Novice: 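Quick one: the structure is below, questions incoming.
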Amino acid sequence: MNNLNKSVWVVSPLLIKKCLMALFLAGLSFVSFILLFSMLSKASNEPLTFNPIDVLYGLAFSLGWGLGLSNTTAIVLACFILLIPSAAFFTLGWKVVKKG
């Protein structure tokens, strides 16, 4: 019977708060970078839309054309470009709540 009690996970409210804050900041940075790249890649009179795939392929095209990368390499590098700020803001949110 004692072994069953040891297998129960208890999640502290601080851990939940850390996770939610970090995920919120990561999501917010992802959306803001998508909107920024979407705004920079369109004409000034076009409406602003949230289309991550269009932004991903736009970045991949720019990297492939400008740097002479292959299609696969440019798409992978564009994914990293979009995910690195999200990971950085996730880490920032995790550390901010850790100190608080």
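All values derive from a computational prediction rather than experimental measurement.
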Novice: Can you tell me how far CD1 of I34 sits from CG of L82, rounded to the nearest 0.5 angstrom?
Specialist: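 It comes to 4.5 Å.
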Novice: Indicate the atoms forming the closest heavy-atom contact of G93 with L25, along with that distance.
Specialist: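 Smallest heavy-atom distance, with atoms named: CA-CD1, 3.4 Å.
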Novice: Is L67 linked to V55 within one hydrophobic cluster, defined over Ile, Leu, Val, Met, Phe, Trp and Tyr using a side-chain heavy-atom separation of less than 4.5 Å?
Specialist: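 In one cluster with L67: V55, yes.
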Novice: Is a side-chain N or O of S38 found less than 3.5 angstrom from the main chain of L35, in a donor-acceptor match?
Specialist: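 Pair absent, no side-chain N/O of S38 close to backbone of L35.
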Novice: Can you name the closest pair of heavy atoms from A74 and G64 and give their distance?
Specialist: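 Smallest interatomic distance, heavy atoms only, reads CB-N, 3.9 Å.
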Novice: Which heavy-atom pair separates S86 from S29 by the least distance, and what is that distance?
Specialist: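 Scanning both residues, the minimum pair turns out to be CA-OG, 3.3 Å.
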Novice: Would a single hydrophobic cluster contain both V76 and L83, if residues Ile, Leu, Val, Met, Phe, Trp and Tyr are joined by side-chain heavy-atom contacts under 4.5 Å?
Specialist: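 Per the 4.5 Å side-chain linkage, L83 and V76 are not co-clustered.
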Novice: Would you say I81 and L63 make side-chain contact, with heavy atoms under 4.5 Å?
Specialist: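 Yes, their side chains come closer than 4.5 Å.
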Novice: Check the pair I75, Y57 against side-chain contact (heavy atoms from CB on, under 4.5 Å), reporting the backbone distance first and the verdict last.
Specialist: CA-CA 7 Å; I75 290 173; Y57 284 134; 3.7 Å; yes
Novice: Grouping I, L, V, M, F, W and Y whenever their side-chain heavy atoms are under 4.5 Å apart, do V31 and F37 come out in a common cluster?
Specialist: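 Yes, it is one cluster - the side chains of V31 and F37 are joined through contacts under 4.5 Å.
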Novice: With the 4.5 Å side-chain cut-off for hydrophobic clustering, are F80 and W65 part of the same group?
Specialist: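 No, no single cluster joins them.
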Novice: Atom CG in L77, atom OG1 in T72: separation rounded to 0.5 Å?
Specialist: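 The distance works out to 12.5 Å.
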Novice: So do the side chains of F89 and L28 get within less than 4.5 Å of each other, counting heavy atoms only?
Specialist: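 Of all side-chain heavy-atom pairs linking L28 with F89, none is under 4.5 Å.
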Novice: Is the shortest side-chain heavy-atom distance between I53 and N51 below 4.5 Å?
Specialist: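 Yes, close enough: below the 4.5 Å cut-off.
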Novice: On a heavy-atom basis, which atom in A78 and which in A60 lie closest, and how many Å separate them?
Specialist: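 Shortest heavy-atom separation between A78 and A60 comes out as CB-N, 3.9 Å.
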Novice: Tell me whether T73 contacts the main-chain N or O of L69 through its side chain, where contact means a donor paired with an acceptor under 3.5 Å.
Specialist: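 Side chain of T73 to backbone of L69: no pair is present.
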Novice: Counting only heavy atoms not in F50, do more than 12 fall under 6.0 Å of its CZ?
Specialist: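 Correct, the count exceeds 12.
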Novice: Any chance you could measure M39, atom CE, to T49, atom OG1, to the nearest 0.5 Å?
Specialist: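 One finds 12.5 Å between CE of M39 and OG1 of T49.
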Novice: Please state whether the rings of W94 and F90 are parallel, tilted or perpendicular, taking 30° and 60° as the class boundaries.
Specialist: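 Parallel.
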